There are 2 protein chains.
Amino acid sequence: MLNETLTAAPRSCGDCPIQHRAVCARCDADELAQLDKMKYYRNFEAGQTLIWAGDRMEFVGSVVSGIATLTQTMEDGRTQMVGLLLPSDFVGRPGRGVAPYDVVATTDMVMCCFRMKPFEAMMEATPHISQRLLQMTLDELDAAREWMLVLGRKTAREKIASLLSIIARRNSTLHLEQPTGQIVFDLPLTRDAMADYLGLTLETVSRQVSALKRDGVIELEGKRHVTVPDFHRLLAEAGDDSDGGMLV
Amino acid sequence: MLNETLTAAPRSCGDCPIQHRAVCARCDADELAQLDKMKYYRNFEAGQTLIWAGDRMEFVGSVVSGIATLTQTMEDGRTQMVGLLLPSDFVGRPGRGVAPYDVVATTDMVMCCFRMKPFEAMMEATPHISQRLLQMTLDELDAAREWMLVLGRKTAREKIASLLSIIARRNSTLHLEQPTGQIVFDLPLTRDAMADYLGLTLETVSRQVSALKRDGVIELEGKRHVTVPDFHRLLAEAGDDSDGGMLV
DNA sequence: CGGTGGATTGACCCAAATCAATTATAGTGG
DNA sequence: CCACTATAATTGATTTGGGTCAATCCACCG
């Protein structure tokens with residue numbers, strides 16, 4: 001399942017489900033103790049906007065469980081999703097006072113928040129955090145560039161296949177499996193959110209999902225539960241390289 | 001002029017035109033001396049491919065002068081530019097052995113290269129470099145996300161206006177001016193490269209450039225020399241926020 | 001000069017947007 | 001338990017922005 005059963009904050013960092021992938025992954029016991037003093041957990045409900053673009057940011061933090069989206073909006077209302085935040089992903093930018101994007105919870109969420117000021121001070125003092133954050137940011141940059149190819153050059157059908165394969169891949173790496181053969185997962189996004197991510201309309205998303213289903217690339221149970229009988233077939237539909245390509 | 005007259009390597013870091021913006025910007029004299037031991041300059045000619053996607057990377061480095069592009073290619077030949085590298089921008093990723101994108105010089109270039117291994121070791125030891133690199137990477141991530149909106153939701157006309165305003169802005173920040181009123185610059189890209197950046201065909205680029213010219217948004221002298229009589233008008237054509245929006 | 005590569009312009013076509021109507025699906029309260 | 005909404009999703013008909021194919025045009029250079 002994509003939505004972890006965890007809906008409450010972990011008892012301590014030792015129990016934290018994201019301790020090995022989050023921004024604090026490299027911290028030693030001392031450093032974790034320091035972080036503990038500036039951190040607090042917050043719960044958000046599905047649909048809730050965590051941060052509005054233009055707001056003052058008073059915290060940064062990690063997604064502990066649940067899923068959020070980063071979205072950019074033009075004055076005339078056109079929107080483009082620019083990020084999908086899964087457990088262990090980092091929210092906010094040290095040193096920046098104002099949020100550039102809307103951050104919206106698509107499921108119930110738990111966040112581990114750090115007060116901005118002390119966190120920034122700690123980043124100056126201990127290299128472990130900024131080193132880890134650098135790694136994570138470089139990964140996000142790669143993902144963003146991958147997404148630029150999707151937005152700029154792929155057909156609607158390829159876009160849908162790309163999104164499905166990305167969700168499938170992220171989902172299975174969370175569970176430490178290699179994505180091959182049959183894969184099953186739940187879509188964390190509505191058709192509308194998928195359209196925002198893909199630079200399409202929701203009608204086109206719906207049509208192409210139906211087409212992929214008709215052609216046997218995917219199977220649907222309800223609107224959200226997806227079975228991919230052959231992951232390689234899906235990758236081929238996405239226009240992605242035969243297999244490899246993926247930089248982890 | 002966009003192309004700095006500098007075509008040779010600087011004598012020393014003190015003479016370096018990018019010393020205040022590059023990855024080494026925060027380094028003290030000691031650290032610069034350390035870097036000096038692992039660095040070497042390389043010249044590239046316009047059109048030359050610095051790095052092929054899939055190649056082993058044996059160096060990382062900074063653009064000292066000139067302009068390069070980062071490009072992703074699908075097996076069937078569709079290409080998408082995913083980055084524009086200007087002086088002071090960083091090339092390569094510490095810790096990564098294989099290049100994910102083609103890097104191509106669009107003008108003659110000088111690069112300040114660091115041998116990968118010692119550079120990585122130094123990053124572990126001195127926080128100044130990874131802190132600066134983190135800042136730069138976060139800026140690039142913002143730029144990439146800005147670009148996702150352009151690719152996903154803007155019309156061809158807006159895309160052209162967006163590209164022109166980005167080049168104008170970057171160009172004038174290099175010269176420490178505020179972009180207002182009349183702006184003059186040289187396009188560093190061919191129509192074809194612009195199309196690769198914008199997710200368009202070169203014919204559409206040509207048509208929309210002509211349209212913007214016809215409508216008085218820009219003036220052209222030859223194919224490359226651009227005059228923008230009213231920068232705000234250009235921003236409005238780009239669909240960008242009335243003025244602000246820009247996160248520096 | 002003719003040639004070559006970049007750029008422009010025109011005619012036509014198609015993939016995805018838009019406009020519009022139905023069809024699930026999930027509550028909610030009588 | 002069944003109407004009565006409200007929201008998400010599907011499907012159809014039509015339009016359109018940008019792609020494709022093709023014919024010049026232009027500037028520079030040997």
Side-chain angles (χ1 to χ4, degrees), chain A residues 45-48 69 74 76-80 104 106-107 150-164 186-215 218-226 237 239, chain B residues 45-48 69 74 76-80 104 106-107 150-164 186-215 218-226 237 239:
Chain A
E45 289 177 13
Q48 202 178 346
T69 62
M74 295 170 69
D76 62 7
R78 281 177 281 176
T79 63
Q80 174 65 52
V104 181
T106 62
T107 66
V150 173
L151 290 172
R153 293 301 184 190
K154 291 196 178 179
T155 65
R157 184 183 174 98
E158 288 170 335
K159 284 179 175 181
I160 301 288
S162 297
L163 178 57
L164 293 177
D186 283 316
L187 272 176
L189 301 174
T190 64
R191 298 286 184 270
D192 194 44
M194 291 173 68
D196 274 352
Y197 206 161
L198 296 165
L200 298 171
T201 60
L202 77 167
E203 293 96 327
T204 299
V205 170
S206 184
R207 273 185 249 276
Q208 296 298 335
V209 169
S210 299
L212 288 176
K213 180 179 164 190
R214 178 166 16 82
D215 298 345
I218 58 173
E219 288 154 26
L220 284 181
E221 210 177 317
K223 277 92 172 50
R224 299 299 195 83
H225 195 73
V226 181
E237 290 285 356
Chain B
E45 289 177 15
Q48 201 177 346
T69 62
M74 294 170 70
D76 63 7
R78 281 177 281 175
T79 63
Q80 174 65 52
V104 181
T106 62
T107 67
V150 172
L151 290 172
R153 293 301 184 190
K154 291 196 177 178
T155 64
R157 184 183 173 95
E158 289 170 335
K159 284 179 175 182
I160 300 288
S162 298
L163 178 56
L164 293 177
D186 282 316
L187 274 176
L189 301 174
T190 64
R191 297 287 184 270
D192 194 44
M194 290 173 69
D196 274 353
Y197 205 161
L198 297 166
L200 297 170
T201 59
L202 78 166
E203 293 96 328
T204 299
V205 170
S206 184
R207 272 185 250 276
Q208 297 299 336
V209 169
S210 299
L212 288 176
K213 180 179 162 190
R214 177 164 18 81
D215 297 345
I218 58 172
E219 289 155 24
L220 283 180
E221 210 176 315
K223 278 91 174 47
R224 299 299 195 84
H225 195 72
V226 180
E237 289 286 356

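Please read these numbers as outputs of a predicted model, since none were measured by experiment. Letters go in sequence order (proteins before strands), and every chain restarts at 1.
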**Prompt:** What's the CG-P distance between Leu200(A) and dG17(D), to the nearest Å?
**Reply:** 18 Å
**Request:** Indicate yes or no for a side-chain donor-acceptor contact from Gln80(B) to the backbone of Tyr197(B) under 3.5 Å, with no hydrogens or angles considered.
**Result:** yes
**Request:** Measure the spacing between CG of Leu163(B) and CG of Leu198(B) and express it to the nearest 0.5 Å.
**Result:** 5.0 Å
**Leu187(A) side, atom CG; Thr106(A) side, atom OG1 - distance, nearest 0.5 Å** = 11.0 Å
Can you give the donor-acceptor pairs under 3.5 Å from side chains of residues 203-214 of chain A to other protein atoms, not counting sequence neighbours?
from: Thr204(A); atom 1: OG1; to: Thr201(A); atom 2: OG1; distance (Å): 3.1
from: Ser210(A); atom 1: OG; to: Ser206(A); atom 2: O; distance (Å): 3.0

**Item:** Partner set under side-chain hydrogen bond (donor to acceptor under 3.5 Å, both in side chains) for Arg78(A), not counting sequence neighbours
**Value:** Asp76(A), Glu158(B)
**Fill in**
5'-most to 3'-most nt of DNA chain C touching chain B (<4.0 Å, heavy-atom partner on protein side) reads dA7(C) to dA11(C)
**Item:** Qualifying residues under side-chain hydrogen bond (donor to acceptor under 3.5 Å, both in side chains), relative to Arg191(B), sequence neighbours excluded
**Value:** none
**Message:** Going by side-chain hydrogen bond (donor to acceptor under 3.5 Å, both in side chains), name the residues that satisfy it together with Asp215(B), two or more places apart in sequence or in a different chain.
**Reply:** Arg157(B)
Extract from the structure each pairing of a protein N or O with an N or O of nucleotides 9-11 of chain D at less than 3.5 Å, listing the distance.
from: dA9(D); atom 1: OP2; to: Arg191(A); atom 2: N; distance (Å): 3.0
from: dT10(D); atom 1: OP1; to: Arg191(A); atom 2: NH2; distance (Å): 3.2
from: dT10(D); atom 1: OP2; to: Arg191(A); atom 2: NE; distance (Å): 2.7
from: dT10(D); atom 1: OP2; to: Ser206(A); atom 2: OG; distance (Å): 2.8
from: dT10(D); atom 1: O5'; to: Ser206(A); atom 2: OG; distance (Å): 3.1
from: dT11(D); atom 1: OP2; to: Ser210(A); atom 2: OG; distance (Å): 3.0

**Message:** Just the rounded figure in Å: distance from P of dG18(D) to CG of Leu151(B).
**Reply:** 13 Å
**Message:** Can a donor-acceptor pair be found, under 3.5 Å and without considering hydrogens, that links the side chain of Glu221(B) to the backbone of Val226(B)?
**Reply:** no
